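Keep in mind it's a predicted model, so treat the numbers as computed, not measured. What you see below is based on every heavy atom in this structure, not just the backbone, and it leaves out hydrogens, waters and symmetry mates. If you read the sequence from its start, that first residue is 1, and numbering goes on from there.
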Amino acid sequence: MTGMTIAALAREGGVGVETVRYYQRRGLLDEPDRPTGAGAGGGIRRYGTDDARRLRFIRSAQAAGFTLEQIGELLALDATDDRARARQLAHEQMAALDAKIAELEQARASLRRLASECGSGSAGPCQILTAFDSPTEWGRFRLRAK
């Protein structure tokens with residue numbers, strides 16, 4: 001018998017079966033028809049190499065930070081060969097990643113400063129503990145860390 005079961009497809013893509021089903025409900029993966037008739041493999045759906053390739057694409061695009069909506073658009077663009085839109089989506093995602101990186105660098109600088117102040121031996125509670133006690137204090141500290 002040729003083709004993979006949903007469990008084999010999920011293993012191939014490094015996800016669980018429920019994730020495959022979720023992608024199917026979202027329209028990102030096709031759901032093959034159940035075979036019918038005698039000798040039809042018990043009515044078990046079978047997936048092919050194209051399904052595995054598509055699942056790997058979805059997972060890789062997610063790792064790059066694309067949303068499922070954007071991934072759906074990229075998959076649709078693949079059929080139309082609209083490279084300009086695909087490039088635009090990639091540039092938008094790079095800008096979003098750059099913003100997130102800047103935010104993380106700011107948080108790292110703030111934590112570095114908190115750790116330094118906590119280790120300074122000054123009297124009172126550790127700056128790390130007091131900074132996280134209040135969102136406004138953490139926000140104020142993050143601004144000072146720039």
_Quick check on Asp98: does its CG atom have over 12 non-hydrogen neighbours (other residues, nucleotides or ligands) under 6.0 Å away?_
yes
Residues Leu74 and Phe57: closest non-hydrogen pair is CB-CZ, 4.0 Å
Rounded to the nearest 0.5 Å, the CD atom of Gln24 sits from the CZ atom of Arg21 at a distance of 8.0 Å
Checklist line | CA sep, side-chain torsions, deciding dist, call: Arg46, Ile44, side chain to side chain contact (heavy atoms under 4.5 Å, CB included) | finding: CA-CA 6 Å; Arg46 296 294 174 171; Ile44 297 174; 4.3 Å; yes
Side chain to side chain donor-acceptor pair (under 3.5 Å), that's the test. Do Gln62 and Arg59 meet it? Break it down for me. CA-CA 5 Å; Gln62 280 185 307; Arg59 298 297 293 160; 3.0 Å; yes
When every non-hydrogen atom of Leu28 is compared with those of Arg54, the smallest separation belongs to O-NE, 2.5 Å
*Carboxylate-amine/guanidinium proximity below 4.0 Å for Arg56 and Glu12*: yes
Run the numbers on Glu103 and Arg108 for salt bridge (Lys or Arg N to Asp or Glu O under 4.0 Å), then give the verdict. CA-CA 9 Å; Glu103 181 181 324; Arg108 181 179 57 197; over 6 Å; no
### Task
Kindly say whether Arg112 contributes a backbone atom to a donor-acceptor pair with the side chain of Ser116 at under 3.5 angstrom?
no
Note: Tyr22 and Leu68 closest approach over all heavy atoms is CE2-CD1, 3.4 Å
Note: Leu55 and Leu9 closest approach over all heavy atoms is CD2-O, 3.4 Å
Is it true that Arg25 and Glu31 have a side-chain N and a carboxylate O under 4.0 angstrom from each other?
no
CD (Glu73) and CG (Asp82) are apart, to the nearest 0.5 Å, by 8.5 Å
Looking only at heavy atoms, the pair that brings Tyr47 and Pro32 closest together is CE2-CD, 3.2 Å
Contacts of Ala7 meeting side chain to side chain contact (heavy atoms under 4.5 Å, CB included) (sequence neighbours excluded), chain-then-number -> Thr5, Arg11, Val17
dist Leu89:CG -> Ile71:CD1 (nearest 0.5 Å) comes out at 11.0 Å
Separation between CG (Leu104) and CG (Leu97), nearest 0.5 Å, reads 10.5 Å
Val15/Ile58 under side chain to side chain contact (heavy atoms under 4.5 Å, CB included): CA gap, chis, key distance, verdict:
CA-CA 11 Å; Val15 299; Ile58 293 166; over 6 Å; no
Quiz item: Does the Gln93 side chain pair with the main chain of Gly65, one donor and one acceptor, at a distance under 3.5 Å?
Solution: yes
May I ask you to decide whether Glu92 forms a salt bridge with Arg87, counting only side-chain N to carboxylate O separations under 4.0 Å? no
Closest non-hydrogen contact found for Arg45 with Asp33 is CG-O, 3.9 Å
